[in-house]
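Following: one structure in structure tokens, then a few remarks.
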Amino acid sequence: MPTYFDLVYAVTRQVPPGRVTTYGAIADFLALGAARMVGWALNHSFSEKTGVPAHRVVNRKGELSGRNHFPTPTLMQEMLEAEGVRVEDNRVIDLDKHFWHPVEDLGEDWEPFDVENGIA
DNA sequence: TATTTGACCTTTA
DNA sequence: GTAAAGGCCAAAT
């Protein structure tokens with residue numbers, strides 16, 4: 001029984017490399033209205049083998065709030081920099097430039113029909 | 001079974 | 001303009 005939990009995984013996995021999104025964007029895209037849960041879902045994404053690039057998810061301010069939950073606090077920044085995203089002081093530079101809207105790429109009608117399968 | 005916490009965002013003072 | 005409080009859903013204790 002897929003919950004919104006799985007939806008977050010699905011959307012996050014659709015995030016293109018070198019791009020970053022925010023919890024609010026995902027929450028708004030999924031019409032959850034609860035940005036808090038988005039991060040919470042990603043929290044478990046590490047324990048699970050979801051393969052969700054949580055490092056591409058940052059808060060509205062572009063801060064790597066989740067770095068604390070990574071294997072190493074600097075790992076998140078390293079991963080972003082490796083993808084071409086300039087990160088400084090635990091914050092994404094040019095967030096607006098690297099910002100990625102799910103609705104723009106996936107479409108408003110996009111839905112995780114095969115969440116458990118890993119999306120189309 | 002009920003209460004608290006959780007990687008946040010938005011609105012009001 | 002900055003600062004503080006409220007609110008959403010779900011999982012863990």
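These numbers were taken from a predicted model, which means no experiment stands behind them. In the text below, chain A, chain B and the rest are named by the order of the sequence lines, each starting its count at 1.
- Note: Y9(A) and F5(A) have perpendicular aromatic rings, judged against thresholds of 30 and 60 degrees for the angle between ring planes.
- Whole-Å rounding puts the E63(A) CD to dC8(B) P distance at 10 Å.
- Nucleotide dA7(B) holds its C1' atom 15 Å from the CG atom of L32(A), rounded to whole Å.
- Side-chain N/O atoms of E78(A) and H55(A) include no donor and acceptor closer than 3.5 Å.
- The main-chain N or O of H98(A) is never found under 3.5 Å from a side-chain atom of R19(A) such that the two would form a donor-acceptor pair.
- One can place CG of N43(A) at 10 Å from P of dC8(B), the figure rounded to the nearest angstrom.
- With dA10(C), dC8(B), dA7(B) as the candidates, the nucleotide lying closest to the side chain of A35(A) is dC8(B).
- Taking the P atoms as reference points, dT4(B) lies 15 Å from dG6(C), given to the whole Å.
- Heavy atoms of A41(A) sit nowhere under 4.0 angstrom from any nucleic acid atom.
- Taking every side-chain heavy atom of T22(A) into account, dC9(B) is the closest of dC9(B), dA11(C), dC8(B).
- Of the candidate nucleotides dA10(C), dG6(B), dC9(C), dC9(C) has the atom nearest to the side chain of A34(A).
- Listed nucleotides dA7(B), dA11(C), dC8(C) differ in distance to R36(A); the shortest reach to its side chain belongs to dC8(C).
- Atom pair H69(A):NE2 and dC8(B):C1' shows a separation of 12 Å (rounding to whole Å applied).
- In this structure, R60(A) atom CZ and dT10(B) atom P are separated by 6 Å, rounded to whole Å.
- Remark: P of dT10(B) and NZ of K61(A) are 10 Å apart, rounded to the nearest angstrom.
- Note on N59(A): only backbone sugar-phosphate atoms sit closer than 4.0 angstrom, heavy atoms only; bases stay farther off.
- Nearest-nucleotide positions on DNA chain B for G24(A) and W40(A) put W40(A) closer to the 5' end.
- The OH atom of Y23(A) sits 14 Å away from the P atom of dT10(B) (whole-angstrom rounding).
- A side-chain donor-acceptor contact under 3.5 Å links N59(A) to the backbone of K61(A).
- Counting only distance, with no hydrogens or angles, the side chain of D28(A) and the backbone of A31(A) share no donor-acceptor pair below 3.5 Å.
- Rounded to an integer number of Å, the gap from L7(A) CG to dA10(C) P is 10 Å.
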